[in-house]
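Here is how names work: the chains are called A, B, and so on, in the same order as the sequence lines, proteins then strands, and each is numbered from 1.
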Amino acid sequence: MQRRCNPLKPSGLAVKFGFNAIMIVLSLLMILPIIYIFNHAFKPYHELFIYPPRFFVQEPNVQNFVELFWVTANSIVPASRYLFNSVLISVLSVIGVTLVSALCAYPLSKHPFPGRNLLFATIILMLMFTPEIIQIPRYLVVSNLGIMNTYWGHLLPVLAAPVGVFLLKQFIDQIPDALIEASKIDGANEVITFLRVIIPMCMPAIATVAILAFQNSWGNVETSALFMQDDEMKNFPFFLSTLTNNLANNVARQGAAAVAALIMLVPNLIIFIILQSKVISTMAHSGIK
Amino acid sequence: MAGVRIQHLYKRYGKGQQAVVSDFQLDIQDKEFIVFVGPSGCGKSTTLRMIAGLEDISEGEIYIDDQLVNKLPPKDRDISMVFQNYALYPNLSVYENIAFGLRMRKLPKHEIDLAVKHASRILEIEPYLQRKPKELSGGQRQRVALGRAIVRNPKLFLMDEPLSNLDAKLRVTMRMEITKLHKKLGTTFIYVTHDQVEAMTMADRIVVMKGGIIQQCDTPELVYSKPANLFVAGFIGSPPINFIHGRIAQTPQGRLEFQTNRFQIRLNETAEDILRHNNQVNKSIILGIRPENVKLEGLYSETIITGIYKNNELMGADRFLYLDIGQEKPLIARVDPDNRFNEDDKVKVELDLSKAHFFHKETGERLRE
């Protein structure tokens, strides 16, 4: 009996070791592109086009950064303008999406009203459609609202986030009703209950929604491509796509593209590393992946 | 301070649905400790929540301090409530939890501080004021929940099964603490529980409910010694009261007898009076007698019956005997633990009829003098 329960008996140890080895190989595989992006950004030109390609940079320098920011600084729209647009839109959309999702999820979860289930089912149904399906109606809405070439055109189409509503509703469902009732008896109104009781309790879910909203908006090319005719209103990922797409020269600006790719990656990486524990707890709570 | 008057209170979920609470009528005096007790789903919590303003009232009126509160939101009723799962705000410290209600009422800072310190001193939670609720034990959380309730000095305390999440030992201590608190504060308490022991030990008056209807509202003593009907008799008391189904028959001498298919016992004069008065001669009836009134030997030879010993439970100070007397359920007798029997032994027990009750077979009501 004793021996059977011992996790460190020889065969168990081998299994554990083998399992860990597989996991390490897999995680190395996962981390390769990230390492590659970091290395690529610091490669001088002759290393970027070397054959066979090298993984790690031999003579790192910041030539590519200089190219991206200083060389384009004199062009009609400098790269920094795209970057500014992207940062602004992303920050606004993170705030907007979390706020709208939370304001939508709270009544859906805690306030019974006629048609509540139908409304929630409709929101869930939205998860089934790919964004491409609603591109034309979305274009018409944005165009008729007259918000082409404005930041609203970037922001409004991403504000309604079914995933965010769903995650937050599942999370708020776990909050016992007694807490809301207690705050009612304590004299809080709905706004205070929402801000001081509900929101602090679903911070993990809000963190998750914020990450999703950030990623969605940070990498979003669609609004720039469809709703922005003026180049100075387009965002960084759009700029990146013009650097690397097939119509452009495949050799020129390769270094700048490598740096741009790094810039695209870094915020995601930082945010995820900081907030990952909260994200995992949301995923565990909501029962979805 | 405040009394509560509840008149013809009804609660229905949806039109045409059966009422969860029906025709609830109660006058609660100032400073009274009222306990609503009943099995789950009897409407006791719903009634409490209607008094708190957390549930809409379908019909009827609730007055707190002679003020009609039907349309008043909970915060304007000057009440506080303790919930079963404590409902402490997990993101706030104990101090902030207690202060929350005062902050909502925009009290000046020094007054809040004074009130919180005072409440925490009463409940002996001063050392934990800076902790978060999750760092506290169940009993400490319960104290914090009480602290949050008393800090505002409300007219009325509502408690919804506050002790049912605690372990048995802690429950006994907290029971006494709450009684002490009631004496100290001199405020009206309404307390909901499904635990008859809590009801018996804490209440000034017990309201026994079933199916949304008040069965009886009396002092603990009267609820125990003069239960209104079969339900109350069976619900209050542990082990439960014995019900013996039988008939009342008249002997040739003109005395009354209680007969079952196994035995008959001669009734005393008080019992005879009650039965004649209620016109129950020659009718089927249910006799209720508590286990402590079934004794192993006694003075009245006329009320000795024989049961077949089936099993027993030793409770330390008492032994409960389960005797087969030809009824659906065994007769329970509460006897001295020194008495030991073997299975299928014939055991003679005496019923103390001066403490027995007679219940109407159809209505289940206790026959009154």
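- The interface of residues 195-202 of chain A with chain B, defined by heavy-atom distances below 4.5 Å, comprises A:Arg196, A:Val197, A:Pro200, A:Met201.
- Within 6.0 Å of the CD atom in B:Gln17, the count of heavy atoms belonging to other residues, nucleotides or ligands exceeds 12.
- Heavy-atom proximity under 4.5 angstrom to chain A picks out B:Pro74, B:Lys75, B:Ile79, B:Ser80, B:Met81, B:Phe83, B:Asn85, B:Ala87, B:Leu88, B:Tyr89, B:Pro90, B:Asn91, B:Leu92 from residues 67-94 of chain B.
- Contact residues of residues 44-60 of chain B toward chain A are B:Arg49, B:Ala52, B:Leu54 (heavy-atom distance under 4.5 Å).
- Chain A is approached within less than 4.5 Å, heavy atom to heavy atom, by no residue from residues 106-124 of chain B.
- Across B:Ala149, B:Gly101, B:Ala145, the residue that shares the most heavy-atom pairs under 4.5 angstrom with chain A is B:Gly101.
- Salt bridge B:Arg103/A:Asp186: absent, no basic N to carboxylate O contact under 4.0 Å.
- Only the side chain of A:Ile192 comes within less than 4.5 Å of a heavy atom in chain B; its backbone stays farther off.
- The 12-atom threshold is exceeded at CG of A:Leu28, counting heavy atoms of other residues, nucleotides or ligands nearer than 6.0 Å.
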* Asked: Are A:Ile185 and B:Arg148 close enough, and set up right, to give a side chain to side chain contact (heavy atoms under 4.5 Å, CB included), and what steps lead you there?
  -> CA-CA 11 Å; A:Ile185 288 176; B:Arg148 193 172 60 180; over 6 Å; no

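- Summarising the local packing, CZ of A:Phe19 is surrounded by 12 or fewer heavy atoms from other residues, nucleotides or ligands at distances under 6.0 Å.
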